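Data block below; observations after.
All values reported here derive from a predicted model rather than from experimental measurement.
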Amino acid sequence: MEPGTIAFHHFGCKVNFAEASALSREFKDKGWSLTDFHEKADVYIISSCAVTSIAEKKCRAAIRQAHKLNPLSKVVVIGCFPELKPRELESMEGVDLVLGHSDKFRLFHELERITGSRPEHGEAETVYHGHDQFIPSFSFGDRTRSFLKIQDGCDYYCSYCTIPLARGKSRSDSIAHVLDSAMKIAANGVREIVLTGVNIGDFGKNNKETLLGLLHQLDKQKGVRRIRISSIEPDLLNDEIITLVAASEKFLPHFHIPLQSGSDKTLKAMHRKYGTSLYANRIGKIRSMIPNACIAADVIVGFPGETDEDFNDTYEFIKVLALSYVHVFTYSKRDNTLASKSNDQVLEVTRKERSRLLHLLSAEKKEKFYCDNAGSAKEVLWESDNEDGFMHGFTENYIRVKTPFNPELVNNITTVILNNRDTHGIFIINEFVNRHS
C-alpha cells in the first residue's frame with residue numbers, strides 16, 4: 001500500500017484519544033501525510049464513542065462527511081461503536097472497514113489487505129477477535145501534555161453503562177512498562193503526563209500489582225515533571241493515594257471522582273459500589289490534606305426512576321460538597337443495559353430541566369473555586385495555542401489562565417499570581433513571579 005494522506009477524527013474519552021494518537025504515529029512513520037479531517041484525504045479513520053446516543057449521532061455524521069469529501073476514499077470506523085453495533089456500521093454508505101478495540105491496532109495491516117477493493121453498499125467488512133489483551137498507547141504530538149493509557153476495560157457493570165460490553169474486562173499494563181513509556185514521553189520534551197484508563201483504580205488486578213504501587217514508582221522517576229491522575233472511582237480512591245498526592249511535588253492536586261447521583265436510592269439502582277457517605281468522606285479527606293485541590297465530579301440526571309425527591313437529594317448533596325465543578329450528563333438510554341429495560345423512564349423535558357439546574361450549580365461551584373484561588377501563586381504549564389493573540393495554560397490545580405502570546409513560553413512552566421480575570425472568568429497573567437522550564 002503506497003503512502004497517501006490520512007485523516008483521524010476522535011470522539012469520546014482520553015483513552016480513545018491516546019489510542020488514536022498512537023495509530024496516527026504509526027502511519028506517519030510509514031510515510032503517510034496526516035491531514036485535517038475536514039480536508040480531502042485518501043483514508044479517513046473515525047475513532048468512535050458510543051457512551052450516549054449523541055456520541056453515536058456524531059459518529060454517523062462524521063462518516064457521511066468523510067464520504068462526501070472524497071467518495072473514493074477508504075473510511076474506517078474503530079472504537080466503541082463497532083463493538084456495539086457493527087452491522088449498522090457495515091450497512092452505512094461509504095464505510096469500508098469496521099474494527100473492534102483490539103483489532104484497530106492492526107489498522108495498517110487491515111487497510112493494506114483491502115486496498116484496491118471497494119465494498120458494495122452494505123458489504124463493508126467487520127474484523128473482530130475480542131478484547132482480552134491490554135495494548136498500551138499514549139498520545140504524542142502536543143509537546144506539552146501526553147495521555148498515557150495504563151488500564152482498559154471495566155468489571156463494574158453499572159446498570160446504565162455499555163463500556164464493559166464495548167471494552168471488555170478490566171486489564172492493565174505492567175508497572176515496568178508504564179515506567180518505560182513515561183520515560184519515552186519525557187525524553188521527547190513533554191512536561192505533563194495524564195494517566196488514563198477506563199477504570200484506572202483497578203490497575204494491576206490482573207498481574208498482582210496496584211495503582212498505589214505504580215504511583216509510588218512514578219513519583220520516584222526522574223524526567224517527568226508533572227503527572228495528573230484522570231477519573232478514578234470513589235471506592236478505589238483510598239487514603240494512601242490521597243496522602244501520596246498531598247506529599248508529592250510531581251502529582252498534581254487535581255481529582256476527577258465520578259458521583260453519578262447524590263441519592264443513595266439511585267446509586268443502588270445504578271449498581272454503583274458506594275453510597276453518599278463514602279463519597280463525602282473522600283471529598284473531605286482531600287480537602288483536609290490538599291485545601292487548594294481541584295475536585296471534579298460526574299453526575300447523571302434523569303436516570304430511570306429518579307423522582308423529584310431523588311433529584312433534590314442530589315442537588316442538596318452537591319451543594320454542600322466542596323467540589324470545584326460538576327460534569328453534568330443527561331441520562332441516555334443504551335441498548336442491552338438493565339436501565340434501558342426500566343418502564344420508569346424520566347420525561348425528556350424533566351431531564352433537561354434537571355440538567356439546567358445542575359449546570360447552574362456547577363457554575364456557582366467553579367466561581368467559588370476560582371475566587372478562593374484568587375491572589376495565590378500557581379505554576380502554569382503554557383500551551384502552544386494562539387487565540388486572538390493570547391496563549392493559555394493550566395495551573396497545577398487545573399485553573400485555566402491566559403497571557404499575551406509569547407512563543408518562548410510554549411511548553412514552559414512559570415510561577416504566576418492569579419489576579420485579574422476576563423469577561424469569561426479566565427485569569428489574565430500580565431506579570432510573572434519567575435520563569436523556569
Side-chain angles (χ1 to χ4, degrees), residues 13-19 21-22 101 105 131-140 145-156 163 167-188 190-258 273-274 282 285-286 289-290 293-296 381 396-398:
C13 64
K14 299 305 182 185
V15 180
N16 265 358
F17 178 69
E19 293 169 339
S21 179
H101 271 302
F105 293 99
H131 32 48
D132 296 328
Q133 290 182 306
F134 175 84
I135 302 176
S137 54
F138 57 84
S139 67
F140 191 71
R145 182 178 295 107
S146 175
F147 295 92
L148 172 57
K149 174 185 163 188
I150 64 171
Q151 185 273 341
D152 202 349
C154 185
D155 296 339
Y156 272 25
I163 297 302
R167 284 193 170 265
K169 290 185 175 296
S170 179
R171 57 207 185 276
S172 52
D173 209 343
S174 67
I175 289 178
H177 191 266
V178 172
L179 295 177
D180 182 62
S181 295
M183 286 303 296
K184 289 178 180 177
I185 293 169
N188 280 287
V190 175
R191 302 292 188 184
E192 182 176 304
I193 292 175
V194 183
L195 303 179
T196 64
V198 176
N199 187 358
I200 67 170
D202 254 357
F203 174 88
K205 67 181 293 185
N206 56 310
N207 52 15
K208 298 182 180 179
E209 295 179 332
T210 65
L211 178 62
L212 181 63
L214 171 64
L215 300 185
H216 275 299
Q217 291 301 312
L218 284 170
D219 199 38
K220 299 174 185 176
Q221 193 166 20
K222 296 180 180 180
V224 180
R225 285 292 302 273
R226 298 174 27 147
I227 303 176
R228 292 188 194 272
I229 302 171
S230 64
S231 179
I232 181 169
E233 294 290 326
D235 53 302
L236 299 175
L237 176 60
N238 55 40
D239 288 355
E240 290 80 5
I241 292 176
I242 297 171
T243 300
L244 184 153
V245 174
S248 175
E249 294 183 358
K250 187 169 296 185
F251 283 94
L252 302 182
H254 179 197
F255 295 86
H256 189 142
I257 312 170
K273 295 182 178 292
Y274 56 88
R282 299 295 82 203
K285 182 70 174 181
I286 295 170
M289 299 193 71
I290 320 172
C294 176
I295 310 176
L381 174 59
E396 61 267 38
N397 61 342
Y398 211 61

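The shortest side-chain heavy-atom distance between I286 and V245 does not fall under the 4.5 Å cut-off. H256 has its side chain out of reach of S230: every pair of non-hydrogen atoms, C-beta onward, lies at least 4.5 Å apart. Contact of the Q151 side chain with the S170 side chain is registered, since non-hydrogen atoms from C-beta on lie closer than 4.5 Å. No side-chain heavy atom of I227 sits under 4.5 Å from any side-chain heavy atom of Q221. In this structure, the side chains of R282 and I242 come closer than 4.5 Å at one or more pairs of heavy atoms. L214 places a side-chain heavy atom less than 4.5 Å from the side chain of V178.
Atoms CG and CG, on L148 and L218 in that order, are 8.0 Å from each other to the nearest 0.5 Å. The distance from the CD1 atom of I150 to the CG atom of D152 is 11.0 Å, given to the nearest 0.5 Å. In this structure, CD1 in I241 is found 4.5 Å from CD1 in I232, a value given to the nearest 0.5 Å. With values rounded to the nearest 0.5 angstrom, I185 atom CD1 is found 10.0 Å from D180 atom CG. Residue K205 holds its NZ atom at 8.5 Å from CG of L236, rounded to the nearest 0.5 Å. Taken to the nearest 0.5 Å, the CE atom of M183 stands 10.0 Å off from the NZ atom of K222.
With E192 as the fixed residue, the salt bridge (charged side-chain N to carboxylate O under 4.0 Å, His left out) test singles out one of R145, R225, K250: R145.
Closest non-hydrogen pair, E209 versus I175, comes out as OE1-N, 3.0 Å. The nearest pair of heavy atoms linking S174 to N207 is CA-ND2, 3.9 Å. Of all heavy-atom pairs spanning K169 and R171, the tightest one is O-NH1, 2.7 Å.
Scanning for ring pair (Phe, Tyr, Trp, His ring centres under 6.0 Å) contacts around F251 gives an empty result, with sequence neighbours left out. Not counting sequence neighbours, the partners of C13 by the side chain to side chain contact (heavy atoms under 4.5 Å, CB included) test are V15, N16.
For N188 (side chain) and V190 (main-chain N/O), no donor-acceptor pair under 3.5 Å exists by modelled atom type. In this structure, S231 contributes its side chain and I257 its backbone to no donor-acceptor pair below 3.5 Å. No donor-acceptor distance shorter than 3.5 angstrom exists from the side chain of R226 to the backbone of V194, with no hydrogens or angles considered. Formation of a donor-acceptor pair under 3.5 Å by the E233 side chain with backbone atoms of P258 is not found in this model. Under a 3.5 Å cut-off, the side chain of R228 and the backbone N or O of L252 do not form any donor-acceptor pair.
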| Would V198 and I163 count as a side-chain contact (heavy atoms from CB on, under 4.5 Å) if you check the C-alpha gap in whole Å, the side-chain angles of each, and the deciding distance to 0.1 Å? | CA-CA 8 Å; V198 176; I163 297 302; 3.4 Å; yes
| task | Run the numbers on F138 and T196 for side-chain contact (heavy atoms from CB on, under 4.5 Å), then give the verdict. | result | CA-CA 9 Å; F138 57 84; T196 64; over 6 Å; no
| Are S146 and S139 close enough, and set up right, to give a side-chain contact (heavy atoms from CB on, under 4.5 Å), and what steps lead you there? | CA-CA 5 Å; S146 175; S139 67; 3.8 Å; yes
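If you check the side chains of S248 and D219, you find a donor sitting under 3.5 Å from an acceptor. Side-chain contact annotation: N206 with S172, donor-acceptor N/O pair under 3.5 Å present.
Under the 30°/60° scheme for interplanar angles, the aromatic rings of F17 and F147 are found to stand perpendicular.
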